[in-house]
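Let me begin by presenting the structure, written as structure tokens, before commenting on it.
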Amino acid sequence: MSPESKKLFNIIILGVAFMFMFTAFQTCGNVAQTVIRSLNSTDFHGSGYTSMAIIYGVFSASNLITPSVVAIVGPQLSMFASGLFYSMYIAVFIQPFPWSFYTASVFIGIAAAVLWTAQGNCLTINSDEHTIGRNSGIFWALLQSSLFFGNLYIYFAWQGKTQISESDRRTVFIALTVISLVGTVLFFLIRKPDSENVLGEDESSDDQDMEVNESAQNNLTKAVDAFKKSFKLCVTKEMLLLSITTAYTGGSLFGLLSKNNRFGRNPVVLLGILVHFIAFYLIFLNMPGDAPIAPVKGTDSSAYIKSSKEVAILCSFLLGLGDSCFNTQLLSILGFLYSEDSAPAFAIFKFVQSICAAVAFFYSNYLLLHWQLLVMVIFGFFGTISFFTVEWEAAAFVARGSDYRSI
């Protein structure tokens with residue numbers, strides 16, 4: 001197998017592994033509150049929202065140390081260990097207890113930080129400046145397909161049910177645990193790429209015997225260096241600008257096409273924000289203003305137009321399309337711009353995303369719909385401008401023959 005084919009194989013395996021894992025995990029997350037509502041009539045008393053708050057809180061804090069973990073352990077083993085904790089969280093629902101449920105939430109917060117930092121590192125070392133966009137697209141396309149398969153299964157298995165029996169719960173979560181474990185094991189199929197033309201790899205590193213003899217010292221040095229780089233990257237102009245775009249997010253045809261895209265990443269991001277703005281406007285017209293804070297039984301308020309399921313489905317499609325635009329291009333520019341510091345860069349990326357997601361979870365229980373949409377429009381606008389600025393500066397350096405990574 002040629003070096004290029006090996007790297008493409010690794011990207012496909014990476015995407016398929018995440019597809020299996022997140023088919024299980026995202027399905028678990030989508031039905032968790034329904035399951036817990038059924039369990040609260042028993043001795044179990046817990047909250048899916050509290051669990052999510054724990055996960056995102058721990059996730060955010062853990063991103064500060066995950067570059068050091070990935071630097072020592074390596075991306076492959078890091079993803080495998082994280083996958084085991086994802087499977088453990090899902091398995092808790094087979095026979096749940098409050099203590100095990102919340103404890104697993106803490107562990108999966110740590111595991112998620114390690115997993116996504118290692119994923120970004122693995123994506124980068126299996127890409128070069130010509131394939132990073134394509135590989136980002138392949139990965140996100142496979143990852144996002146997990147939403148379809150998991151939700152489709154639940155739709156047919158639990159259609160019309162508001163109370164989930166113990167038998168149904170155990171059957172589903174045993175199956176989801178097995179699916180997650182399959183994805184976890186697939187990480188072992190990822191092969192170490194050849195160092196030639198790999199983003200972030202130094203060409204002059206042939207002293208393998210010396211590295212083995214000094215492995216303990218090197219591991220400590222790697223951990224400290226990765227930790228320092230995380231803080232240094234936080235305050236660079238490019239990372240601060242991209243953090244605004246990252247805050248707005250949180251896949252796909254655009255990544256697949258970007259390999260030969262002479263116009264760069266900006267047109268794809270522009271398409272993404274335009275699609276999102278159309279979706280926001282349709283949501284504003286189609287849903288009552290108090291929909292986010294209305295009780296479970298619904299609301300008596302009216303929308304500006306007669307609420308339509310078809311329009312709601314269209315909005316879902318447009319939001320997914322826009323997300324694909326942003327996520328693939330963010331992965332592409334981070335992998336390209338910080339190819340030598342991919343683990344710290346992707347840790348910061350996920351840190352900002354998780355912090356903003358936690359804030360959004362909090363205010364969504366209090367703000368009316370039009371205020372929430374206004375927040376999204378403001379962050380979307382400034383996030384797009386910030387992305388354009390970084391991309392234009394990068395393109396200018398490339399045009400002058402300078403190293404893209406030096407900006």
Side-chain angles (χ1 to χ4, degrees), residues 7-30 55 59 62-63 66 69-70 73-90 107-127 131-153 175-191 193 249-256 320 323-324 326-332 334-335 342-343 346-347 349-350 353-354 357:
K7 287 184 282 187
L8 179 59
F9 173 81
N10 288 343
I11 295 298
I12 293 173
I13 292 298
L14 180 69
V16 172
F18 269 71
M19 180 187 71
F20 274 96
M21 278 182 56
F22 281 85
T23 292
F25 177 70
Q26 294 191 109
T27 303
C28 173
N30 289 340
I55 290 173
F59 184 16
S62 300
N63 275 297
T66 50
V69 175
V70 175
V73 180
Q76 185 180 51
L77 192 56
S78 296
M79 290 187 291
F80 174 76
S82 299
L84 293 179
F85 283 107
Y86 270 76
S87 303
M88 179 188 72
Y89 176 82
I90 298 168
F107 282 122
I108 201 172
I110 301 171
V114 174
L115 179 73
W116 285 104
T117 300
Q119 176 270 331
N121 183 236
C122 184
L123 178 68
T124 302
I125 63 177
N126 283 284
S127 305
T131 62
I132 183 66
R134 179 202 67 185
N135 292 347
S136 299
I138 291 173
F139 172 78
W140 275 99
L142 290 168
L143 173 64
Q144 294 305 314
S145 65
S146 64
L147 289 168
F148 173 77
F149 295 119
N151 290 330
L152 186 66
Y153 170 72
L176 293 179
T177 302
V178 172
I179 292 170
S180 179
L181 288 172
V182 169
T184 301
V185 172
L186 286 177
F187 288 129
F188 282 119
L189 296 180
I190 296 177
R191 305 176 183 182
T249 63
S252 217
L253 176 63
F254 309 103
L256 296 175
D323 281 346
S324 295
F326 276 96
N327 279 302
T328 55
Q329 303 315 301
L330 273 170
L331 280 180
S332 176
L334 283 171
S342 58
F346 280 92
F349 170 65
K350 281 298 173 181
Q353 266 195 338
S354 57

Near Phe187 CZ, under 6.0 Å, is it more than 12 heavy atoms from other residues, nucleotides or ligands? yes
When you look at Asn135 and Leu8, which way does the side chain to side chain contact (heavy atoms under 4.5 Å, CB included) test go after all the steps? CA-CA 8 Å; Asn135 292 347; Leu8 179 59; 4.3 Å; yes
Separation between NZ (Lys350) and CD (Gln119), nearest 0.5 Å, reads 7.5 Å
With a 4.5 Å cut-off on side-chain heavy atoms, are Pro75 and Ile125 touching? yes
Of all the heavy-atom pairs spanning Gly137 and Thr328, show the shortest one and how long it is. CA-CG2, 4.1 Å
Contact summary for Tyr89 and Cys28, nearest pair of heavy atoms: CE2-SG, 3.9 Å
To the closest 0.5 Å, what do you measure between CE (Met19) and CG (Leu186)? 8.5 Å
Once side-chain contact (heavy atoms from CB on, under 4.5 Å) is applied, do any residues pair with Phe107, and if so which ones, sequence neighbours excluded? Phe85, Met88, Thr103
What closest approach, in Å, do Lys7 and Ser127 show between heavy atoms, and which atom pair accounts for it? CD-N, 4.5 Å
I need the Ile138 CD1 to Ile11 CD1 distance, nearest 0.5 Å. 7.5 Å
Decide side chain to side chain contact (heavy atoms under 4.5 Å, CB included) for Met21 and Leu115; before the verdict, give the C-alpha distance in whole Å, the side-chain angles of both, and the deciding distance to 0.1 Å. CA-CA 11 Å; Met21 278 182 56; Leu115 179 73; 4.0 Å; yes
Can you tell me how far the OG atom of Ser62 sits from the CD1 atom of Ile108, to the nearest 0.5 Å? 12.0 Å
Taking all non-hydrogen atoms of both residues, which atom of Ser87 and which atom of Ser180 are closest, and how far apart? OG-OG, 2.8 Å
For Leu142 and Ile12, the nearest pair of non-hydrogen atoms, with its separation, is CD1-O, 3.7 Å
Would you check if the distance from the ring center of Phe18 to the ring center of Trp116 is below 6.0 Å? yes
Between the OG1 atom in Thr66 and the CG atom in Asn63, the distance rounded to the nearest 0.5 Å is 4.5 Å
On a heavy-atom basis, the closest approach of Leu84 and Leu181 is CD2-CD2, 4.2 Å
Distance (rounded to the nearest 0.5 Å) between Met79 CE and Ile190 CD1: 4.0 Å
Would Thr184 and Tyr86 count as a side chain to side chain contact (heavy atoms under 4.5 Å, CB included) if you check the C-alpha gap in whole Å, the side-chain angles of each, and the deciding distance to 0.1 Å? CA-CA 9 Å; Thr184 301; Tyr86 270 76; 5.9 Å; no
